[in-house]
Amino acid sequence: MNGATGSTEGFAGASAASGGEQGHRAGTAFGAAPVAMVVADGAACVTLANRAFTEYTGRSQEDVVGRYWPEVLADADADSAWELHRAALGGAPVHHRALVTAEYGGAPHRVVAEAQALPGTGAESEPAGVVVVFREPLREEETLRVISELRTENADTALWTLDLRTGRLHELFGPSPLGRLLAGGARGLDDVLARVHRDDIARVRDAIEASQQGRDYEQRFRMFDHFGDERSLHARARYVGGDHPRLVGIIDDVTEHVQLIRRLADRRRIEAAQGRQVTDLAAKLVSATTVEEVTGLLTEEFAPIFGGVGASVMLVEEGSLRSSPAPPEESPGPMGLLDDDAASDVAHPIGAVIQDRQPRFFESRAEIVERFPGVSEFLHRTTAQSWATIPIFGDRRVTLGVWQVAWGEPHHATPDERALMLTLAGLAGQALQRVRRQQEELQLADAIQRRMLPPQIARFAELSIAVRYLPSRAGWRVCGDFYDVIRLPGRRVGLVVGDVQGHGVEAAAAMGQIRVAFRAYASNQVDPGAVVAETNRLLTETGEIVFATCGYLVVDLDSGEMQAAWAGQPPAVIATPDSYDLWEPETGPPVGVDGDSKYPVTTRRLRVGDTLLMCSDGLVESAQMPMDEGLRTVGEDLRGLATHVEAAASSLIGLTPAGRGDDIALLIVRMNGSD
């Protein structure tokens with residue numbers, strides 16, 4: 001071998017004959033032509049080196065024999081030689097080779113080493129040793145080696161071959177970083193497969209069995225490296241047939257790629273969940289019925305979407321600030337603000353946002369102190385590190401307040417986060433305006449309704465009378481529930497309880513009209529059924545789409561006789577201290593539905609000591625409370641307080657068995673007897 005000339009001289013030109021009988025056996029193992037070689041025992045100790053090897057390495061037999069042959073080569077490439085030795089002892093075919101570095105002629109050279117086991121003396125004996133033959137590489141082999149080293153050294157890749165007859169697994173050009181990480185010293189297929197994830201092992205084995213039928217191999221699977229960490233791998237191989245069928249291929253570590261895909265998928269799932277959460281909370285904003293509900297959503301439920309540790313809202317009311325929901329007594333609001341502080345203080349972040357209507361995001365304490373030094377004292381009393389301060393706008397971009405979200409560590413709000421915060425603050429502003437308009441209507445309707453109810457009821461020595469009206473708590477639903485006590489000629493008393501369907505100012509106004517109509521017709525009609533029928537006809541003739549349930553009865557103060565005309569109203573309850581029962585007068589349809597409707601009259605006597613309850617359905621019926629159950633609860637309560645009508649009325653208003661989802665009107669009468 002003459003340097004880089006690629007001559008056939010050199011190792012290949014030496015005679016193997018000088019090696020004696022063992023050298024002859026080794027030489028003929030690779031063919032008839034003399035070759036350069038060494039013979040080693042199973043432990044890799046050299047027992048013989050032929051003349052070509054000693055001539056071109058400049059080392060005598062005495063320098064080489066007894067040493068490990070991989071160490072006779074250049075120290076930097078001993079691993080590849082040891083790998084080749086173990087492969088030969090394991091029965092690797094003759095074609096298994098390594099490109100190694102050897103020093104001879106005073107300079108290092110790249111040579112191809114091929115190894116094969118020497119058979120033992122018995123049929124079942126272990127190999128007697130290994131014969132290693134050296135030759136100069138072809139130019140293509142050298143190029144392939146360099147490319148392969150670059151590919152495996154700087155990437156998570158290994159080049160491998162699997163002997164399909166023996167199950168031995170080897171790396172083509174010696175150990176690679178990935179090969180050492182995955183297999184370590186294991187070379188048997190079963191040893192390597194033992195580290196494959198249990199959920200993937202069957203699929204990997206099936207693919208290998210298919211390759212034994214002459215198919216190429218490709219699989220993605222998970223495997224645990226020798227540290228116990230899970231790796232995701234992509235293995236590809238081409239089937240090579242012949243006397244020694246094998247797979248030759250590449251295995252890539254795609255763990256980072258798989259983890260990236262998982263992170264992206266997790267991110268999409270999180271974003272989808274956040275999207276659903278935002279949609280649900282936005283719907284709650286739309287249906288909120290109080291200012292506290294709106295601000296509570298911002299402070300309690302929206303802040304966690306952004307990873308915030310806390311949030312607060314300051315509303316602007318006549319130039320001053322007010323915390324909502326109200327903080328604990330004597331506790332400051334956002335960044336030390338107190339209720340009634342001026343909203344125009346631009347030296348404070350809240351005031352600055354209110355005045356210029358621009359959101360501000362502070363990623364650190366240093367950033368906020370640099371812009372607003374006045375908050376430095378407050379920072380000693382909080383663990384928050386970052387803040388987002390967002391204006392809440394009403395119509396014409398009037399600032400209704402400020403929403404502030406705080407984080408427990410430095411936080412950079414992404415453009416998407418900022419856009420979402422502004423959107424939610426905008427929805428909150430719309431909800432606040434809607435709620436305030438509804439509250440104004442509520443106050444107006446409540447005032448109208450209370451003014452239309454009788455300021456004082458008629459009093460009679462023979463009767464103890466108590467009345468109550470309780471507005472709904474279901475947002476802004478003010479309905480048209482009403483009651484009245486009418487003094488009639490002939491020592492008679494008219495009692496009315498009704499419920500106008502609908503809510504708001506219209507229902508309150510309609511209630512007033514119906515109450516006035518009852519009074520007008522009652523003064524001219526003795527028959528309660530005629531009074532209800534005339535009121536019904538009046539409502540239908542007005543052309544307004546309004547109807548009401550009501551109960552009207554007339555009590556004779558001398559006899560206690562009651563005549564009742566009912567229009568869809570709940571039954572009356574009659575109680576004594578010992579018991580109660582329900583009186584269900586025959587009923588007609590609600591008034592205002594059909595102008596020709598007739599209302600029959602039902603008669604019963606109210607005895608001395610009896611207590612009568614007439615009420616609207618809001619007291620005894622709701623979506624969660626059937627009327628039968630509500631009436632039973634009311635009857636039991638009324639029985640216990642039947643002798644004290646004011647106490648009974650207060651108890652029932654406090655009990656409200658059907659809840660507060662509707663207005664409640666009730667009238668209680670106890671027959672005392674004549675003076």
Side-chain angles (χ1 to χ4, degrees), residues 43-44 68 70 75-92 96 98 148-212 216-238 246-270 273 307 409:
Y68 296 119
D75 293 339
D77 214 8
D79 286 346
S80 298
W82 277 110
E83 178 76 11
L84 184 65
H85 181 81
R86 288 190 290 267
L89 289 178
H96 194 73
S148 299
E149 287 180 345
L150 291 173
R151 181 76 174 88
T152 57
E153 287 178 1
N154 299 315
D156 291 327
T157 299
L159 308 178
W160 58 280
T161 180
L162 171 65
D163 190 319
L164 294 174
R165 293 190 309 170
T166 64
R168 298 292 292 177
L169 190 66
H170 308 283
E171 291 194 67
L172 291 176
F173 296 103
S176 66
L178 179 60
R180 287 190 291 268
L181 181 67
L182 296 177
R187 288 297 173 263
L189 180 61
D190 289 339
D191 293 337
V192 175
L193 290 179
R195 290 185 177 174
V196 173
H197 194 286
R198 64 181 182 181
D199 293 341
D200 298 339
I201 184 67
R203 179 164 46 82
V204 172
R205 286 189 179 277
D206 289 345
I208 291 175
E209 291 177 2
S211 297
Q212 291 176 338
D216 291 345
Y217 179 90
E218 182 169 5
Q219 281 290 310
R220 284 181 178 266
F221 57 92
R222 292 162 293 174
M223 182 176 178
F224 297 96
D225 61 28
H226 69 274
F227 294 116
D229 294 329
E230 183 182 298
R231 319 294 298 184
S232 295
L233 306 175
H234 182 205
R236 293 167 295 160
R238 182 64 52 80
R246 62 195 187 277
L247 292 176
V248 178
I250 301 172
I251 188 166
D252 293 301
D253 186 349
V254 294
T255 303
E256 291 186 1
H257 176 72
V258 170
Q259 290 174 344
L260 176 61
I261 297 298
R262 289 175 180 170
R263 285 195 295 270
L264 290 174
D266 290 342
R267 178 67 178 176
R268 291 192 181 99
R269 282 193 294 270
I270 292 172
E409 56 188 20

Novice: Mind checking whether His226 and Leu181 have side chains closer than 4.5 Å, heavy atoms only?
Specialist: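 They are in contact (side-chain heavy atoms under 4.5 Å apart), so the answer is yes.
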Novice: My understanding is that only residues two or more places apart in sequence, or in another chain, count here; which of them pass side-chain hydrogen bond (donor to acceptor under 3.5 Å, both in side chains) with His257?
Specialist: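 Applying side-chain hydrogen bond (donor to acceptor under 3.5 Å, both in side chains) to His257 gives none.
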Novice: Run the side chain to side chain contact (heavy atoms under 4.5 Å, CB included) test against Glu409 and tell me which residues pass, sequence neighbours left out.
Specialist: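 By the side chain to side chain contact (heavy atoms under 4.5 Å, CB included) rule, Glu409 matches no residue at all.
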Novice: Could you pull out all residues at least two apart from Ser232 that satisfy side chain to side chain contact (heavy atoms under 4.5 Å, CB included)?
Specialist: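 So Ser232 forms a side chain to side chain contact (heavy atoms under 4.5 Å, CB included) with Arg222, Val254, Thr255, Val258.
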Novice: If you define the side chain from C-beta out and look only at heavy atoms, does anything of Arg231 sit under 4.5 Å from Leu178?
Specialist: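 Not in contact.
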Novice: Does Glu230 have more than 12 heavy atoms from other residues, nucleotides or ligands lying within 6.0 Å of its CD?
Specialist: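 Counting neighbours around CD of Glu230, more than 12 heavy atoms of other residues, nucleotides or ligands fall under 6.0 Å, so yes.
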Novice: To check you understand the geometry: which heavy-atom pair defines the closest contact between Trp160 and Leu169, and what is its length?
Specialist: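 Answer, listing the atom of Trp160 first, then Leu169: CE3-CD1, 3.6 Å.
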Novice: List for me each residue that meets salt bridge (Lys or Arg N to Asp or Glu O under 4.0 Å) alongside Asp190, sequence neighbours excluded, and say none if there are none.
Specialist: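 Here the qualifying residues are Arg205.
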Novice: Any non-hydrogen side-chain atom of Leu233 less than 4.5 Å from a side-chain atom of Asp253?
Specialist: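 Yes, at least one pair of side-chain atoms sits under 4.5 Å.
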Novice: What pair of heavy atoms forms the shortest contact from Arg168 to Gly188, and how long is it?
Specialist: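 So the minimum-distance heavy-atom pair works out to NH1-N, 3.9 Å.
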Novice: Indicate yes or no: at least one non-hydrogen side-chain atom of Arg165 is less than 4.5 angstrom from one of Arg246.
Specialist: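 No, side chains not in contact.
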Novice: Looking at residues at least two apart in the chain, or sitting in another chain, which of them share a side-chain hydrogen bond (donor to acceptor under 3.5 Å, both in side chains) with Glu209?
Specialist: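 None.
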Novice: When rounded to the nearest 0.5 angstrom, what is the spacing between CD in Gln219 and NE2 in His234?
Specialist: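 The NE2 atom of His234 is 8.5 Å from CD of Gln219, to the nearest 0.5 Å.
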Novice: Below 3.5 Å, can you tabulate the donor-acceptor pairs from side chains in residues 192-199 to any protein atom, sequence neighbours excluded?
Specialist:
{"from": "Arg195", "atom 1": "NH1", "to": "Leu182", "atom 2": "O", "distance (Å)": "2.4"}
{"from": "His197", "atom 1": "ND1", "to": "Asp199", "atom 2": "N", "distance (Å)": "3.0"}

Novice: Taking side chain to side chain contact (heavy atoms under 4.5 Å, CB included) as the definition, give me every residue that meets it alongside Ala44, ordered by chain and number, with sequence neighbours left out.
Specialist: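 Tyr68, Trp69, Pro70, Trp82, His85.
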Novice: Evaluate the side-chain contact (heavy atoms from CB on, under 4.5 Å) criterion for residues Ile201 and Phe221: first the C-alpha distance (whole Å), next the side-chain angles of each, then the deciding distance (0.1 Å), finally the verdict.
Specialist: CA-CA 8 Å; Ile201 184 67; Phe221 57 92; over 6 Å; no
Novice: Arg220: what forms a salt bridge (Lys or Arg N to Asp or Glu O under 4.0 Å) with it, not counting sequence neighbours?
Specialist: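 Once residues adjacent in sequence are excluded, Arg220 has no partner under the salt bridge (Lys or Arg N to Asp or Glu O under 4.0 Å) criterion.
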Novice: Could you list the residues that satisfy salt bridge (Lys or Arg N to Asp or Glu O under 4.0 Å) with Arg203, not counting sequence neighbours?
Specialist: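 Testing Arg203 for salt bridge (Lys or Arg N to Asp or Glu O under 4.0 Å), a comparison that skips the adjacent residues, returns Asp200.
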Novice: Apply salt bridge (Lys or Arg N to Asp or Glu O under 4.0 Å) to Asp216 and list each qualifying residue two or more places apart in sequence or on a separate chain.
Specialist: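 Listed in chain order: Arg238.
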